[in-house]
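This structure is a prediction, so every number in the text was calculated from the model and none was measured. In what follows, every chain begins at residue 1, and chains take the letters A, B, ... in the order their sequences are listed.
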Amino acid sequence: MKDMPKVYDHESVEAKWYEKWESSGYFHAKPNPEKTPFTIVIPPPNITGKLHMGHALDNTLQDAIARYKRMAGYEMLWLPGTDHASIATEVKIVEALAAEGLTKKDVGREGFLKRAWQWREEYGTTIVKQLRKMGSSCDWDRERFTMDEGCNRAVVKVFKSLYDKKLIYRGDRIINWCPDCKTALSDAEVEYESQQSHLWHIRYDAPDKSYSIIVATTRPETMLGDTAVAVNPEDPRYKDIIGKTVVLPLVNREIPIVGDEYCEMEFGTGAVKITPAHDPNDFEVGRRHDLPIIKVFDERGTINENGGAYQGQDRFECRKNIVKDLEASGNLVKIEDYTHNVGTCYRCHTTIETIVSKQWFVDMKPLTEPALEAVRSGAVKFIPDRFSKPYFNWMENIRDWCISRQLWWGHRIPVYYCDDCGGTFCEETAPEKCPICGGKLRQDEDVLDTWFSSGLWPFSTLGWPDKTEELDYFYPTTTLVTGYDIITFWVSRMITFGMEVMKKPPFANVYIHGLVRDSQGRKMSKSLGNGIDPLEIIEKYGADPLRFSLVTGNSAGNDMRFYWEKVESARNFCNKVYNAARFVLMNIPEDADTHIREELLDTADKWILSRLNEITRSVTDNLEGYELNLAAEKIYDFIWSEFCDWYIEMAKSALYGEDLDRKQTVCAVLIRVLSVSMQLLHPFMPFITEEIYQQLPGHEETIMLSSWPKAEETDKYARECAAMEIIMELVKSIRNIRADLKVPPAQRISVRIVSEKPEELTGTEGYLLKLAGVEKTDISRERGTVLKSDVHLVCNGAEAFIPLASLVDLEKERERIGKEIERVQGDIARANAKLSNEKFVQKAPEAVVNEERRKLQNAADMLQKLQQRLQTLQD
RNA sequence: GGGGUUAUAGCUCAGCUGGUUAGAGCGCCACGUUGACAUCGUGGAGGUCAUUGGUUCGAUUCCAAUUAAUCCCACCA
């Protein structure tokens, strides 16, 4: 007999096992030479550090899969992803920031910039995606990780190899530029604001004034950089003048009129001025028509030497002056009010400029073909499969990838320039001096896109380009777990680089999960303040309930909303499991004999063992198919609804009885069922299952090293299961009728059961007594004398008569039977309709037809009994 | 504009390759503390499976269209 508290204490149990597992080296274990299943790297199930929920989900699924696979004898690698790894380094950086007294305002300023570069030296190559976000305060996004020198080597090596193959090139590209912060911004960093402005209509005249064209623009100052006017080639208004020129007012530069589809006839005047240097669309048009690119702004947003008379003016001041001058020259035709979206810097809300600059690109086409083939051939499988669609869509329409970023942190592009002779060199290690003229070299200031190095993650983290044991063993891995939001950014690039560098895909399966949203379905974000700290959940309800609530109640790839109620109900399940175990442990002797002697098993024992076998099979199948939610829900239902609600209740009569053999048998069955249940549940609730498992007799070793339960193929107790079905149905019916007739719980009743095979129900009387408040029961084949005052229950395979003379209202009883008859007649009608349909009988599979016949037979039997009973009541 | 996803009980969601009396959790109603558990038990109410067509003996499930949400990409002179 054990003395255990009534309520499960998650805190102490989690702390205990966390510590034990950690000291046993079960976390972050290195592969060992024997390549045993132990080599799987397991992340702590507890979540350390403050993570966003999305990451917690990732961790949780990753971990649940790893645990299952390990117990099932699989091997799997879990490595910290880009989001989780080097919290320590981040803390260092942020602390350093704070120590410097740097705040949000300093970000982007000289002082910060200097420090940032210094840190980059100091910490080696630390990738920080959008470090400026981090610099804003100590409350930062966790979207960064540290690469050790080995990873840096990998990055440089891959870059050089692509460079040498001429798959990396330098080209012009339009980027977003904040003139205030003086940095480039990614598209994601640009926030659009609706602004009240104007649409200025400006007339550009022909050199000889024989024709003119009116363009509409929201940004008249950019006309200084115009190099063409575009019209739609189909536009009848302008068809004739395509190929001719007009003179740019104020500047007096002659520019061509080009025909381009981009220009919509309906918008404005149907003519667009083209400024390739300062507008992404114009840039594309310029490229198609081979137009010159004239930059008119400098990095501060003031007009440069190309602006002629306007040089040195601020861009907004210049706009006013230009408008004024155009008005004076008579070229300004009209001013319309106009509301449009203007890109602003997410940080300082300065209107951004788009300017042309030199960037590095990867020519993706030759690289994507093998990566596409890897998925087409099934070497890499997305789970669920539908996520291969966006992958194909992205890869088949791949564009050249701009990999240079104007950030302060990251792997610097390994390209060196000689200012003396103008040479450009890509080298793995920085050359001392120019190999051509011996001049001084200057490394490219830009860093690589985060995803470039992240794409190398499957092998760079394992030591490539060295031939390491880890690499040999863990490349490729089994499964990648990640969210659908980074399929194109990350997954596609890992596969691409994997095929290019390793000639093999990095993993066989990609398990895609959704995002955790708040209870209103919004993405959790810092700016909304609706993020939930997993540690808070763990503290309140425990790590097991958190994990369980994240795995259940939604299917792969779908987003889920976070509800405290859900965690609470998972916590309740924990308590249920704990109390079931408590019951078992309190009732078994210390030295319990766990051997199950088959000859001593009764109907209920055989039923629960049979159910256990079935659940083992289906949980295993679901896990194999990555249907984690179904697996978790099935073991949940089994434990709660079958083991606790039925078997434990039925076990009590044996446990409290005198028969020692029965007692031993029931104990052994209880232990077996509980132990296997814990194994099946363990991937989803690691702590509580470990705790219970090791308290059961004969389990000194961690549950993590036990092998996954194996289901038997045959269902050898089918007969007992059928009998149990009858018993359970009877119990439910009796409970129902008691509730209906308001029989007080304390009042015992007697029941007479009539069955065609009474021998199969023999030995189960005790269960009726225990579960349905029955004090006397009698099972026989004969119907005997039925009294009017007997309540009559009919179920599949048995009838029950309950003498409740004082309580039965004959009228109501007739009504009840009448309703039953109606229901059964409905069943009969439904089955008949199907069976009388010739085509159904002809075309439906035999099993389905037989099932329908069986239903009809059952219903007919019941109908007959019910009618007989009704007859009795009416006599 | 291109490509996805979703629509099932009051709420949040399951339902694998078409055949179920359509399920769960939470919430709601009634009853209940007999010795695992009130973080519990027993019973109950609640759904025309978004709409319309089609395929089929049979559609919540497959196909098409519609409507409404939503995401990614491209773009908004």
Exercise. With heavy atoms under 4.0 Å as the rule, sort A:F489 into base, sugar-phosphate or nothing.
Key: sugar-phosphate
Quiz item: Contact class for A:K843 vs. all strands (heavy atom < 4.0 Å): base, sugar-phosphate, or nothing?
Solution: base
Quiz item: Do A:R571 and B:rU39 have a side chain to base donor-acceptor pair shorter than 3.5 Å?
Solution: yes
Quiz item: Can you tell which of B:rU39, B:rC13, B:rG19 lies closest to the side chain of A:N575?
Solution: B:rU39
Quiz item: Using 30° and 60° as the class limits, which term best fits the ring planes of A:Y391 and A:F382: parallel, tilted or perpendicular?
Solution: tilted
Self-check item: Nearest-nucleotide pick for A:S569, side chain only, options being B:rC37, B:rG44, B:rC26
Solution: B:rC26
Quiz prompt | Residue matched to B:rG53 through Watson-Crick or wobble contacts both under 3.5 angstrom | solution = B:rC63
Quiz item: Which value, in whole Å, describes the distance between the C1' atoms of nucleotides B:rG3 and B:rG10?
Solution: 35 Å
Quiz item: Is the backbone N or O of A:G514 less than 3.5 Å from a side-chain atom of A:D559, with the two atoms forming a donor-acceptor pair by type?
Solution: no
Practice problem: Would you mind classifying the nucleic acid contact of A:C644 as base, sugar-phosphate or nothing, using non-hydrogen atoms under 4.0 angstrom? | Solution: base
Quiz item: Does any nucleotide pair with B:rC40 by Watson-Crick or G-U wobble geometry, both distances under 3.5 Å, and what is it?
Solution: B:rG32
Quiz item: Just wondering, do A:W564 and A:Y541 contact through their side chains at under 4.5 Å, heavy atoms?
Solution: yes
Quiz prompt | Salt-bridge criterion met for A:E353 and A:R315 (N-O under 4.0 Å) | solution = yes
Practice problem: State which of B:rA14, B:rC37, B:rU12 makes the closest approach to the side chain of A:R561. | Solution: B:rU12
Practice problem: Determine the contact category for A:K770: base if any of its heavy atoms lies under 4.0 Å from a base atom, sugar-phosphate if only primed atoms, P, OP1 or OP2 are that close, otherwise nothing. | Solution: nothing
Quiz item: With sugar-phosphate meaning primed atoms plus P, OP1 and OP2, does A:I274 contact a base, only sugar-phosphate, or nothing at under 4.0 Å between heavy atoms?
Solution: nothing
Practice problem: Indicate, with a heavy-atom threshold strictly under 4.0 Å, whether A:Y578 touches base, sugar-phosphate, or nothing. | Solution: nothing
Quiz prompt | Annotated protein contacts, base or backbone, on nucleotides 3-10 of chain B with a non-hydrogen cut-off under 4.0 Å, one of B, S, - each | solution = S-S-----
Practice problem: Report the distance from atom CD of A:E649 to atom P of B:rC40, rounded to the nearest whole Å. | Solution: 15 Å
Practice problem: Indicate, with a heavy-atom threshold strictly under 4.0 Å, whether A:A580 touches base, sugar-phosphate, or nothing. | Solution: base
Quiz item: Do NZ/NE/NH1/NH2 and the carboxylate oxygens of A:E775 and A:R748 come within less than 4.0 Å?
Solution: no
Exercise. Name the closest nucleotide to the A:R399 side chain, picking from B:rC71, B:rA74, B:rU42.
Key: B:rA74
Practice problem: Tell whether A:K566 reaches the base of B:rC26 with its side chain through a donor-acceptor pair below 3.5 angstrom. | Solution: no
Quiz item: When the ring planes of A:W490 and A:W451 are compared, do they come out parallel, tilted or perpendicular, using 30° and 60° as the limits?
Solution: tilted
Quiz prompt | Pairing of A:R853 and A:E851 as salt bridge, 4.0 angstrom limit | solution = no
